[in-house]
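Here's the structure, in structure tokens; my notes come after.
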Amino acid sequence: MNQASKTTGQIIRSHTITYFNILNFILAGLIILSGQYKNMLFMGIVISNSLIGIIQELKVKKLIDALSVITATKAKRVEGDQIREIPIEDLRTGDRIRISAGDQIVSDCTVCVPEGLEVNESLLTGESLPVAKKAGDFLYSGSFVVAGSGLCEVIHTGSENYATQLVKKAQTKKRATSEMQDAIRTIIQYVSYALIPIGLLLFCIQRFRVGQNISNSLVNTVAGVLGMIPEGLVLLTSVSFILGVGRLARKKALVQEMEAIEALARINILCLDKTGTITTGDLSVEEVVPLGHPGQDSLPDIMHSLAFAFEEGNATSHALQAYFKDGAPCRITDKLPFSSQRGYMGITLAEQGSFLLGAPDILSQDKHILQRAAGYAAKGMRVLLLASCSTLPHTREELKRMPAAPDPAGLIILSDCIKEDSMDTFSFFARQGVAIRILSGDNAATVSSVGVRAGVADAEACINASDLPEDPDQFREEVSRHAVFGRVSPEMKQRILKAYQAEGNIVGMVGDGVNDVLALKDADCGIAMAKGADAARQSAHIVLLDSDFSSMKDIVKEGRTIIANIERVSALYLTKTIYSILLCLIFIILGRTYPFIPIQLSLIGATAIGIPSFLLTLEQQEGVTTTGFLRHVLKISLPGALSLTVVLTAIQFLADTLHGSAAQVSTLNVLAGGIISLLVVIRVCRPMTRRRLFICAGITILFAGALLLFPSLFGVLPLWALF
């Protein structure tokens, strides 16, 4: 289950029953035992944080639940002479369902009536080649149809269905990349290991070496442990991600994994297909060029039969059906549906024989025909070759082994329609430092021409995937030189994507078809179109509900804003965690009273961490580091933490030399802690804007005002009495 689909109970539990909340309640219990109840102020912050997280996630849940209906998996149930689309939850054993190319098989079934049915079972078996299915064959839920169509009968539903296990396996496979989450988990892990032993040692030092009573020893120990807990950082990231899911949903993007927000913000290479992203996906037949047998008069009838031979439709078939609708139908005795692995489709006619329709470079070796096709492709056209043959070859290997090569009959020239906003979209990604890479099943020259017209940088550097070397090192080197790849199979898309990742890039993948599933699952952030295949949507981390690639601009901006804000304010939380650990260790070694009590840390935490972090995360800033989250944050937090540690240690030794009272030392400790923490806020706010200047001035006044108005509450002297 993804984060956005939690139940209300799960949301409440996730924000209340946490490691740090339990630890805070234990610390509160120790404060109760000490009798110094004012030092329980930190529990107000803990409870407020939990309530904020619950309320915000419930709001987002309501929005996401409404949108998730759009991407819910459905089945086409056959009811008499009609086909009705129903939720998969309503399927029952014995139901008959209709499946076609692009559909995911939603329940374990047996094939009743296959019509050129081919299924990709790679998600189950690891075998990427499609499997031809005949009547009586078993269909696994979770596999998907890559060619043909058919009628099948449901044999498993609910918990008996293999889809239940598949979903769990798929979720463990397709986690989005989150460097920030990984870094925060690492910090929490090490801090958790250190909390108990440091806390016990600190208590022993306070009680037995410093000689304090049990009450004061407990309070000082709680202060030390409390400062080490980076609970605000955990809340900040989780609430920011929750709010990000909600904001992206309003921009028509359904986030299926919260970590995908960060991965989307950090991508520096975005791979995509041509159709549906650069072009509208609509095609039209521009020209028909006869080449030989069977002649110009017969072409319309043959093409009419081919265009209407299969139930499943795509942009190409729709264009062919519209152009050849007036042709006379011929009797079909056999048919072979299109698949991306083959690169062609075919039919056998009772009178004229067998015909194939597909890519010219797959069906013909004639240099003149290929040059002619290349000429059209160079103008951005899509070219199909119709060729006659003795029989229908089911694979490319069978095609190569045929005694005679297919006889060219005609070229079908189609044109793509480039989206009006594509140039603006690609210009945005160029400004953001995101390189666009086009992976298409079409001819590389055709795709390159379309890419140039759409404004894709370096689109002239194109290559057909069949020309890429097998050697891994040479393959990566060749991939890095090109921006456009033609004749790309699903497996090759996956391999190209992994080659970019091997070079340290963070790679996003945009797709909508079955042929994109393997790449979507392995991408750092997979983005699918809601109108695309079921398998693509379920494999992706983010689904574009409006199926509009241009909306990626707003989505990337939003993602970068969220992550940039988290990166900036994380330094505030880590500063407190680092100096608390260092102070605990130093004061254990020195055998001295811990310099803070919990209520003093609550004041510093509220003014120098909580309030500014909340206000800064509301800013709209898109600057985000591509990599090195922890290194970036430590550049700010580590100097601040070390400075505070050195100053507080110096205060203790100066107090001994100058014979300062305990009240004076405590006051100086709080002033030093507050001032240095406020300086860290100022450092985080650079470059300073009017709004940030107002934030810095406001928290400084609040900190000073609290000490001036309520000195006894915070255990300090009035500032005028300090000296």
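None of the values given here were measured: they were computed from a predicted structure.
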Quick one: pull up CD1 in Ile347 and CZ in Phe310 and give me the separation to the nearest 0.5 Å.
7.0 Å

Of Ile83, Val154, Asp95, which meets side chain to side chain contact (heavy atoms under 4.5 Å, CB included) against Arg77?
Asp95

Show the nearest heavy-atom pair for residues Gly559 and Ile261, with the distance to one decimal.
CA-CG2, 4.0 Å

Would you say the side-chain atoms of Arg342 pair up with the backbone N or O of Pro337, donor to acceptor, closer than 3.5 Å?
yes

Smallest separation among heavy atoms of Leu283 and Ala319, with atom names:
O-CB, 3.4 Å

Carefully, step by step, assess Asp548 and Ser550 under the rule side-chain hydrogen bond (donor to acceptor under 3.5 Å, both in side chains).
CA-CA 5 Å; Asp548 185 1; Ser550 65; 2.8 Å; yes

If you compare all heavy atoms of Ala75 against all heavy atoms of Ile97, which two are closest, and at what distance to 0.1 Å?
CB-CG2, 4.4 Å

Geometric class of the His304/Phe308 ring pair [parallel <30°, tilted 30-60°, perpendicular >60°]:
tilted

Could you check Glu115 against Ser149 for side-chain hydrogen bond (donor to acceptor under 3.5 Å, both in side chains), going step by step and ending with a plain yes or no?
CA-CA 5 Å; Glu115 298 174 2; Ser149 58; 3.1 Å; yes

What orientation do Phe549 and Phe426 show, parallel under 30°, tilted 30 to 60°, or perpendicular over 60°?
tilted

When rounded to the nearest 0.5 angstrom, what distance separates NZ in Lys252 from OG in Ser547?
11.5 Å

Are the side chains of Ile278 and Arg453 in touch, meaning some heavy atoms are under 4.5 Å apart?
no

So, taking the atom named OG in Ser354 and the one named CG in Leu336, what distance separates them when rounded to the nearest 0.5 Å?
10.0 Å

